[in-house]
Amino acid sequence: MCYVRAMAPSIKVREIGYGSADYEEAVRLRDRVLRRPLGLSFSPDELAKEGGSRHFAAFEAGRLVGCLILVPLAPSELKMRQVAVSPEAQGRGVGTLLIAAAEEFGAQNGFEWMKLSARETAVPFYLGLGYELVGEAYIEVTIPHRAMQKRLGQ
């Protein structure tokens with residue numbers, strides 16, 4: 001399924017297959033945006049565990065500009081993780097489109113809640129999309145994070 005939104009008609013979001021060329025490009029984007037700035041990298045074991053997840057990517061003019069991963073936690077809960085948008089595409093609605101597609105996928109597949117672990121710097125973005133804070137701040141991958149959630153289908 002391809003998700004298209006009126007706010008950024010040139011950007012298309014779709015599910016991509018684990019291990020595909022698009023998936024490999026998404027891993028490179030996640031590494032560049034999320035890992036390298038922290039002095040971290042993905043291990044083969046970490047990437048192997050992603051095989052059971054659902055992967056989504058945003059494309060503009062055929063080029064991958066953003067991605068995220070969805071992991072079922074329970075029959076009613078879906079976790080969104082590894083949200084990354086290329087620096088040159090940030091501020092143009094790519095992240096919003098990715099999250100809208102993830103929420104639509106979750107709602108269509110019977111999930112009631114979307115959960116996530118947001119970097120402290122991304123909390124205002126998620127609050128603006130209707131997510132709420134859950135609990136106190138904690139350290140994950142060396143930086144402050146906050147647990148957040150949203151009821152789907154609202």
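As the structure is a computational prediction, the values presented were derived from the model and not from experiment.
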When clusters are formed by joining ILVMFWY residues with side-chain heavy atoms under 4.5 Å apart, either directly or through shared neighbours, do [X] and [Y] land in the same one?
X      : Y      : result
Val134 : Leu127 : no
Phe105 : Leu98  : yes
Ile99  : Met148 : yes
Met80  : Ile69  : no
Leu68  : Val123 : yes

Please report the interatomic distance [atom1]([X]) to [atom2]([Y]), rounded to the nearest 0.5 Å.
X      : Y      : atom1 : atom2 : result
Lys79  : Lys115 : NZ    : NZ    : 10.5 Å
Glu104 : Leu152 : CD    : CG    : 11.0 Å
Arg92  : Ser10  : CZ    : OG    : 6.5 Å
Ile11  : Arg63  : CD1   : CZ    : 10.0 Å

Between [X] and [Y], what is the shortest heavy-atom contact and its length?
X     : Y     : result
Leu38 : Leu34 : CD1-O, 3.6 Å
Ser86 : Val33 : CA-CG2, 4.4 Å
Ala57 : Leu64 : CB-CD1, 3.6 Å
Ile16 : Ala26 : CD1-CB, 4.1 Å
Ser41 : Arg35 : O-NH1, 3.6 Å

Side-chain donor or acceptor of [X] paired with backbone N/O of [Y] under 3.5 Å:
X      : Y      : value
Arg14  : Phe59  : no
Lys150 : Leu129 : yes
Gln90  : Val85  : yes
Arg146 : Gly135 : yes
Glu46  : Ser43  : yes

Margin query: Tyr23: which residues meet the ring pair (Phe, Tyr, Trp, His ring centres under 6.0 Å) condition with it, sequence neighbours left out?
Written below: Tyr18, His55
Next item on the list: Verify side chain to side chain contact (heavy atoms under 4.5 Å, CB included) between Leu70 and Met114, making sure each step is shown before the conclusion.
Entry: CA-CA 9 Å; Leu70 297 176; Met114 182 71 73; 4.0 Å; yes
Next item on the list: For residues 106-131, pull every pair meeting ring pair (Phe, Tyr, Trp, His ring centres under 6.0 Å), keeping only residues two or more places apart or in separate chains.
Entry: Tyr126-Tyr131
